[in-house]
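Just below is one structure, and these are the notes that go with it.
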Amino acid sequence: GPADLRTMLVISDGAPSDVDATRPGDLVEDARAAMLQARREGITIHGIVVDPGAGDSARRIFGGGRYGLVPDALTLPAQTRQAYGRLRNQ
């Protein structure tokens, strides 16, 4: 039931960062590994990426159909409500 639902809504700019990583590709792979680990632990994840140009990294990190791209922060409230509704109905 709903009490058993474990979800995570991740809001990102689509560009992972870390102080000790030097290659951007490593950062994307680290973020992807974290998402996969969460899924293995039974957590449903959906990403909202506030950058329409970040589709490649978003797809790599979240997987196809598990994220949405928004053009700017002004659309974030509506996109967040929609994503929450989808997650809640899964």
Side-chain angles (χ1 to χ4, degrees):
D4 299 326
L5 185 64
R6 296 174 51 185
T7 63
M8 182 185 324
L9 181 59
V10 178
I11 299 173
S12 171
D13 64 358
S17 64
D18 193 341
V19 295
D20 65 348
T22 57
R23 296 186 330 198
D26 291 346
L27 296 169
V28 169
E29 290 306 312
D30 286 351
R32 181 176 185 272
M35 295 301 138
L36 292 172
Q37 178 63 35
R39 286 193 188 105
R40 281 193 295 274
E41 294 179 17
I43 301 170
T44 300
I45 298 174
H46 183 81
I48 296 177
V49 180
V50 187
D51 180 350
D56 289 341
S57 63
R59 189 171 20 268
R60 184 74 185 146
I61 292 168
F62 296 105
R66 298 176 189 229
Y67 68 93
L69 297 174
V70 298
D72 56 58
L74 295 175
T75 59
L76 196 53
Q79 293 292 327
T80 303
R81 281 190 299 277
Q82 290 174 2
Y84 175 76
R86 282 191 305 271
L87 287 170
R88 191 159 184 234
N89 291 325
Q90 289 186 356

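Side-chain atoms are counted along with the backbone in the values below, which use heavy atoms only and exclude waters and symmetry mates.
- With sequence neighbours excluded, no residue forms a side-chain hydrogen bond (donor to acceptor under 3.5 Å, both in side chains) with R39.
- With sequence neighbours excluded, no residue forms a salt bridge (Lys or Arg N to Asp or Glu O under 4.0 Å) with R66.
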For residues 73-84, tabulate all N or O donor-acceptor pairs below 3.5 Å that involve a side-chain atom, not counting sequence neighbours.
residue : atom : partner : partner atom : Å
T75     : OG1  : D72     : O            : 2.9
T80     : OG1  : L76     : O            : 2.7

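- Note that CE of M8 is 6.0 Å distant from CE of M35, once rounded to the nearest 0.5 Å.
- Hydrophobic clustering (side-chain heavy atoms under 4.5 Å, transitive across Ile, Leu, Val, Met, Phe, Trp, Tyr) keeps F62 apart from L36.
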Hey, can you pull the donor-acceptor pairs under 3.5 Å for the side chains in residues 48-59, sequence neighbours left out?
residue : atom : partner : partner atom : Å
D51     : OD1  : G53     : N            : 2.8
D56     : OD1  : R59     : NH2          : 2.9
S57     : OG   : G14     : O            : 2.7
S57     : OG   : A54     : O            : 3.2
R59     : NH1  : Y67     : OH           : 2.9

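- One N or O on the side chain of R32 and one on the backbone of R60 form a donor-acceptor pair closer than 3.5 Å.
- Scored by the side-chain hydrogen bond (donor to acceptor under 3.5 Å, both in side chains) test, E41 finds Q37 as partners (sequence neighbours excluded).
- Rounded to the nearest 0.5 angstrom, S17 OG and D30 CG are separated by 11.5 Å.
- What you find for P16 and L27 is that their closest heavy atoms are O-CD1, 3.2 Å.
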